[in-house]
Amino acid sequence: MGTLPPNHLINTTSNTQSDERTAEQKAIDEWLPITSARNAKWWYSAFHNVTAMVGAGVLSLPHAMSQLGWGPGVAVMVVSWIITLYTLWQMVEMHEMVEGKRFDRYHELGQQAFGQKLGLWIVVPQQLIVEIGVDIVYMVTGGQSLKKFHDVVCQDCKEIKLSYFIMIFASVHFVLAHLPNFNSISGVSLAAAVMSLSYSTIAWGASVDKGVQADVEYGYKSSSTAGTVFNFFSALGSVAFAYAGHNVVLEIQATIPSTPDKPSKVPMWRGVVVAYIVVALCYFPVAFIGYWMFGNSVEDNILISLEKPVWLIAMANMFVVIHVIGSYQIYAMPVFDMIETMLVKKLMFKPTWYLRFITRNIYVALTMFIAITFPFFDGLLGFFGGFAFAPTTYFLPCIMWLAIYKPKKFGLSWTINWICIVLGVLLMVVAPIGGLRTIIVQAKTYKFYS
């Protein structure tokens with residue numbers, strides 16, 4: 001596709017504008033999940049971002065706090081909220097920074113910043129690790145929450161393996177995965193966003209109701225210095241995992257209509273601000289109150305620490321299941337887009353319903369299989385959180401900003417971006433070490449498919 005005339009912004013709501021795409025290219029773009037619908041409202045951006053960001057990771061925040069301690073814990077939580085809001089703003093701004101063009105996908109922005117080939121190699125592997133990693137972790141979370149619901153509601157029932165609950169959770173996705181694009185999952189996403197607020201409120205509300213435990217301790221749990229340090233690293237990864245909506249932000253923005261006088265960044269940013277207020281309302285009370293009440297004995301999922309009231313904990317677990325269903329779809333959609341783009345544009349397959357049916361079912365089956373094989377929840381969070389989330393969330397947007405806008409050396413923008421880059425790189429180095437150690441420690445006693 002050649003360069004577009006400057007006054008043109010690809011906008012499927014208006015067909016009167018000149019468009020240099022061939023009829024075949026248009027048909028393909030209208031079939032692909034990201035570019036097929038451009039009629040989203042600003043509130044779609046709000047609840048898609050809430051669903052993408054407030055994952056089940058929020059339930060591990062009190063446990064992360066117990067490994068960080070009060071001072072570092074509060075600092076890490078607040079600084080992460082500020083940095084990720086800043087980098088998200090940069091991505092929203094960069095979506096249309098070249099006149100007449102929209103960067104509908106994270107890797108397209110990467111190609112603009114680093115060049116056609118290098119941009120793909122820098123962004124695509126990281127984005128895929130994040131999105132597939134999240135979907136695997138959410139398979140585990142969905143299965144765990146279903147199991148917890150079953151165990152709480154029916155305490156005399158026969159024990160059922162976690163593997164079966166993961167399969168039950170996956171069965172929903174064999175159906176939902178066939179919704180064509182972001183706008184078609186907006187109902188699922190809205191339900192998921194409401195659920196995240198609900199179970200977060202239950203988590204901290206039930207903690208307050210339970211009160212500070214009699215034998216509460218706020219010191220580090222590990223008896224060895226090495227253990228404490230590794231746990232600290234792993235907790236940083238868990239926090240990074242909790243702030244992770246950046247991987248789908250350009251794809252969400254691509255669904256909003258845009259014209260030269262009404263660019264998509266205005267409604268998108270409004271949605272992001274609302275989403276970040278909701279994120280603060282979910283994260284801070286859960287992290288701080290959960291840790292305050294249970295101290296260092298808090299479980300890696302706060303709902304497991306809260307045994308009673310039974311009906312409330314059962315309900316919260318069901319909310320988690322509904323929310324994770326929506327989150328899985330939000331992160332799967334860009335993966336489907338990548339797979340389908342490659343099959344149709346590179347390998348010249350015809351864009352048909354059965355191509356979509358086969359590829360999406362294979363993807364769901366694959367994430368289910370990996371989740372059943374490695375269900376180590378907190379270790380996975382730490383490992384994926386540091387390994388892939390830190391770059392795509394904390395510092396890749398800053399590097400792209402520096403590469404594209406070239407702000408004045410040692411100016412405010414330049415300095416802020418470099419601070420974010422240094423912190424992000426440190427996080428990327430230390431968090432996977434802690435997460436990998438947690439997985440190894442847990443794997444010692446784990447029996448495959450038991």
Side-chain angles (χ1 to χ4, degrees), residues 43-65 77 80-81 84-85 88 130-131 134-135 137-146 148-149 169 172-173 176 182 185-208 238-249 252 271-290 300-304 306 312-333 377 381 385 389 393:
W43 52 89
Y44 283 38
S45 142
F47 53 72
H48 280 328
N49 275 297
V50 170
T51 303
M53 190 103 38
V54 187
V58 63
L59 300 173
S60 71
L61 290 176
H63 187 251
M65 283 289 297
M77 288 288 300
S80 285
W81 190 86
T84 54
L85 180 59
L88 202 52
V130 168
E131 284 158 2
V134 169
D135 280 345
V137 171
Y138 282 170
M139 276 280 180
V140 177
T141 313
Q144 282 181 334
S145 297
L146 275 175
K148 178 77 176 159
F149 176 79
F169 179 75
V172 181
H173 296 292
L176 286 182
F182 264 120
I185 57 171
S186 54
V188 180
S189 182
L190 175 61
V194 172
M195 291 300 141
S196 55
L197 247 178
S198 308
Y199 68 68
S200 299
T201 308
I202 289 174
W204 66 260
S207 299
V208 169
S238 296
V239 174
F241 188 96
Y243 290 100
H246 297 54
N247 292 279
V248 290
V249 71
I252 293 169
V272 168
V273 169
V274 171
Y276 253 74
I277 292 168
V278 174
V279 166
L281 291 174
C282 291
Y283 283 18
F284 297 142
V286 173
F288 304 152
I289 294 172
D300 64 347
N301 179 337
I302 179 85
L303 294 181
I304 297 171
L306 298 162
L312 193 67
I313 304 310
M315 198 164 76
N317 276 288
M318 229 33 232
F319 286 171
V320 173
V321 173
I322 296 167
H323 174 253
V324 175
I325 288 171
S327 288
Y328 182 98
Q329 290 302 321
I330 290 273
Y331 280 95
M333 200 55 81
F377 184 56
L381 283 183
F389 282 85
T393 305

Quick check: do Leu176 and Ile185 have side-chain heavy atoms less than 4.5 Å from each other?
no
Do you see a donor-acceptor pair shorter than 3.5 Å between the side chains of Tyr276 and Thr84?
yes
Considering all heavy atoms of both residues, which atom of Ser327 and which atom of Tyr138 are nearest to each other, and what is their separation?
CB-CE1, 3.1 Å
To check you understand the geometry: which heavy-atom pair defines the closest contact between Cys282 and Val58, and what is its length?
O-CG2, 3.8 Å
Output the distance between atom CE (Met315) and atom CE (Met195), rounded to the nearest 0.5 Å.
9.5 Å
State, with a plain yes or no, whether a side-chain heavy atom of Leu85 is found less than 4.5 Å away from one of Val273.
no
To the nearest 0.5 angstrom, please state how far the CD1 atom of Ile202 sits from the CG atom of Asn317.
9.5 Å
Hey, what's the ring geometry for Phe288 with Phe284, parallel, tilted or perpendicular (30° and 60° as the breaks)?
parallel
Are side-chain heavy atoms of Tyr328 and Val172 found at a separation under 4.5 Å?
no
Using atom types as modelled and distance alone, determine if a side-chain donor or acceptor of Ser80 lies under 3.5 Å from a backbone N or O of Met77.
no
Could you report the tightest heavy-atom contact between Gly290 and Ser207, atom names first, then the distance?
CA-OG, 4.3 Å
Does Val324 form a side chain to side chain contact (heavy atoms under 4.5 Å, CB included) with Ser145? I'd like the steps, not just the answer.
CA-CA 10 Å; Val324 175; Ser145 297; over 6 Å; no
For Ala46 and Ala275, the nearest pair of non-hydrogen atoms, with its separation, is O-CB, 3.6 Å
dist Ser189:OG -> Ile252:CD1 (nearest 0.5 Å) comes out at 7.5 Å
When you compare the side chains of His323 and Tyr199, does any donor N or O come within less than 3.5 Å of an acceptor on the partner?
yes
Close side-chain approach of Ile313 and Lys148, heavy atoms under 4.5 Å:
yes
Any chance you could measure Thr51, atom OG1, to Ile325, atom CD1, to the nearest 0.5 Å?
12.0 Å
Quick one: pull up CG in Leu146 and OG1 in Thr141 and give me the separation to the nearest 0.5 Å.
11.0 Å
Indicate the atoms forming the closest heavy-atom contact of Gly326 with Val188, along with that distance.
CA-CG1, 3.7 Å
Tested for side-chain contact (heavy atoms from CB on, under 4.5 Å) against Val248, the lone hit among His48, Glu131, Met53 is Glu131
Got Leu281 and Thr201 here, is their nearest side-chain heavy-atom distance under 4.5 Å?
no
Look up atom CG in Leu59 and atom OG in Ser200, then write down how far apart they are to the nearest 0.5 Å.
6.5 Å
Over all atoms of both residues, closest heavy-atom pair of Phe47 and Ser186:
CE1-O, 3.4 Å
